[in-house]
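Keep in mind it's a predicted model, so treat the numbers as computed, not measured.
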Amino acid sequence: MYVKTVVHCSEDSERVLLMAMLSSRAVIFLILLAGGVQAGGGTSKCKLSVNSQREKKALSLLEPLTNISFKAQKTAGNDSYTYVLQICGDADGVKDAGVIQKDKSGKTVRIGTYNATQATAGSDWVMLIYRGGEKYDTHCSNEERKAIIMISCNRSVALGELSMVQEEREKSLDCFYLFELDSSVLCAVVQPKLSTGSILLIIGFSCLAVYLIGGFLYQRLVVGAKGVEQFPNYAFWSDIGNLSADGCDFVCRSRGSREEPPTYRGVATEPLEEPEERDDHLLPM
């Protein structure tokens, strides 16, 4: 009876543990799913003035920068202004405002809205334009304010600081606020490429290292060699110079077989012996 009770308790504990693991995994999956849905819908809040695939693609590059507030300070004479930018979101909580301006007294001016957005992308930059801001009082023919944000690639910073470059309001039309922002999210991923020669060199050096290390260990631990004898194939490598010289001599200098007699003989320096004259037949018999 006691054994059965222990077995049942063990089975119950395993079931509880299994249910807890499944529940934790389900919670993690839901959190990741919710985070992905939230990130994916960040730039969808922006309403493009021209609904083109090119501008949608340019705007999608700014997805990692959504839900983040960027601030910049600008001083002009005795006046000081604070600018707040948000990508496809309410800047400083102001409804529909992509960029706002606040002075020292706390007065807020909406420079541009994300309900009238333009996006243009280059190789490593995106130009974002927010139109539909509050109208000028006395400048620029009382047209609506406009913000131009140049977001450029900078591999050294993930999220750079917002910079207010200038406010162009000395023209009668087409006035704008110009901002700059650096971020590494716009930098293209550089794929390292190795040439065929580099790959062959890597393979060759790797094989050489394996040969040297493996041969050294074998000679020392198995053969029991000492000193320079631990070098693998020491006798062969010590004679490699002589072998190379012999091979070069055989290929470049040899002329046929070495056993063949020479085809040319030099002229002897000693005079040839004249044959002895035989005059025995002249003697009287």
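Both I68 and Y83 sit in one connected hydrophobic cluster of ILVMFWY residues. Membership requires side-chain heavy atoms under 4.5 Å apart, directly or through other members. Under the 4.5 Å side-chain heavy-atom criterion for grouping Ile, Leu, Val, Met, Phe, Trp and Tyr, V165 is connected to M150 within one hydrophobic cluster. Residues W125 and F70 do not share a hydrophobic cluster, clusters being chains of Ile/Leu/Val/Met/Phe/Trp/Tyr side chains in contact below 4.5 Å. Note on Y81 and I111: same hydrophobic cluster, where clusters join Ile, Leu, Val, Met, Phe, Trp and Tyr whose side-chain heavy atoms are under 4.5 Å apart, directly or indirectly. Tracing side-chain contacts under 4.5 Å through hydrophobic residues (I, L, V, M, F, W, Y), one never reaches L48 starting from V50; they form parts of separate clusters.
Between the CG atom in D103 and the OG1 atom in T108 there is a gap of 8.0 Å [rounded to 0.5 Å]. Note: S206 OG to L201 CG = 10.5 Å, rounded to the nearest 0.5 Å. Within the model, atoms CG of L217 and CD of Q230 stand 9.5 Å from one another, a figure rounded to the nearest 0.5 Å. Going from atom NZ of K45 over to atom CG of D96 covers 11.0 Å, rounded to the nearest 0.5 Å. Rounding to the nearest 0.5 angstrom, the gap separating the NZ atom in K74 from the OG1 atom in T82 is 13.0 Å. Distance check: K71 NZ to L162 CG gives 11.5 Å after rounding to the nearest 0.5 Å.
Annotation: side chain of T43 is not in contact with side chain of K56 (no heavy-atom distance under 4.5 Å). Between F179 and L85 there is no side-chain heavy-atom pair separated by less than 4.5 Å. Between L178 and E168 there is no side-chain heavy-atom pair separated by less than 4.5 Å. Counting heavy atoms from C-beta on, the side chains of Y130 and I149 come closer than 4.5 Å. Looking at Y114 and L128, their side chains never come closer than 4.5 Å, going by heavy atoms from C-beta outward. Within the 4.5 Å cutoff, no side-chain heavy atoms of N154 are placed close to those of L186. Contact of the L61 side chain with the V185 side chain is not registered, since no non-hydrogen atoms from C-beta on lie closer than 4.5 Å. Between L62 and C46, the closest side-chain pair of non-hydrogen atoms is not below 4.5 Å.
Within the 3.5 Å criterion, the main-chain N or O of R110 finds a donor-acceptor partner in the side chain of E134. At least one donor-acceptor pair closer than 3.5 Å links the side chain of T113 to the backbone N or O of R131.
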Point to revise | Test log, rule side chain to side chain contact (heavy atoms under 4.5 Å, CB included), inputs Q73 and S80 | key: CA-CA 7 Å; Q73 300 287 334; S80 177; 4.2 Å; yes
Exercise for review: Carefully, step by step, assess R54 and T120 under the rule side chain to side chain contact (heavy atoms under 4.5 Å, CB included).
Suggested key: CA-CA 8 Å; R54 181 179 56 84; T120 305; 4.1 Å; yes
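Pairing each heavy atom of K102 with each of D92, the nearest pair is NZ-OD2, 3.3 Å. The minimum heavy-atom distance linking C175 with R169 is given by the pair SG-CA, 3.6 Å. Contact between R145 and K135 at its shortest, heavy atoms only, is NH1-O, 2.9 Å. Across every non-hydrogen atom of S184 and A158, the tightest pair is OG-CA, 3.3 Å. The nearest pair of heavy atoms linking A147 to V99 is CB-CG2, 4.0 Å. The heavy-atom pair separating L173 from E143 by the smallest distance is C-OE2, 3.7 Å.
When each of E55, M127, K146 is paired with Q118, the side-chain contact (heavy atoms from CB on, under 4.5 Å) condition holds for E55 and for no other.
No more than 12 heavy atoms of other residues, nucleotides or ligands shown are found within 6.0 angstrom of OH on Y218. Atom NZ of K171 has more than 12 heavy atoms from other residues, nucleotides or ligands within 6.0 Å.
The other residues sharing a hydrophobic cluster with V84 are V94, I100, where clustering joins ILVMFWY side chains under 4.5 Å apart.
Classified by interplanar angle (parallel below 30°, tilted 30° to 60°, perpendicular above 60°), the ring pair Y136/Y177 is parallel.
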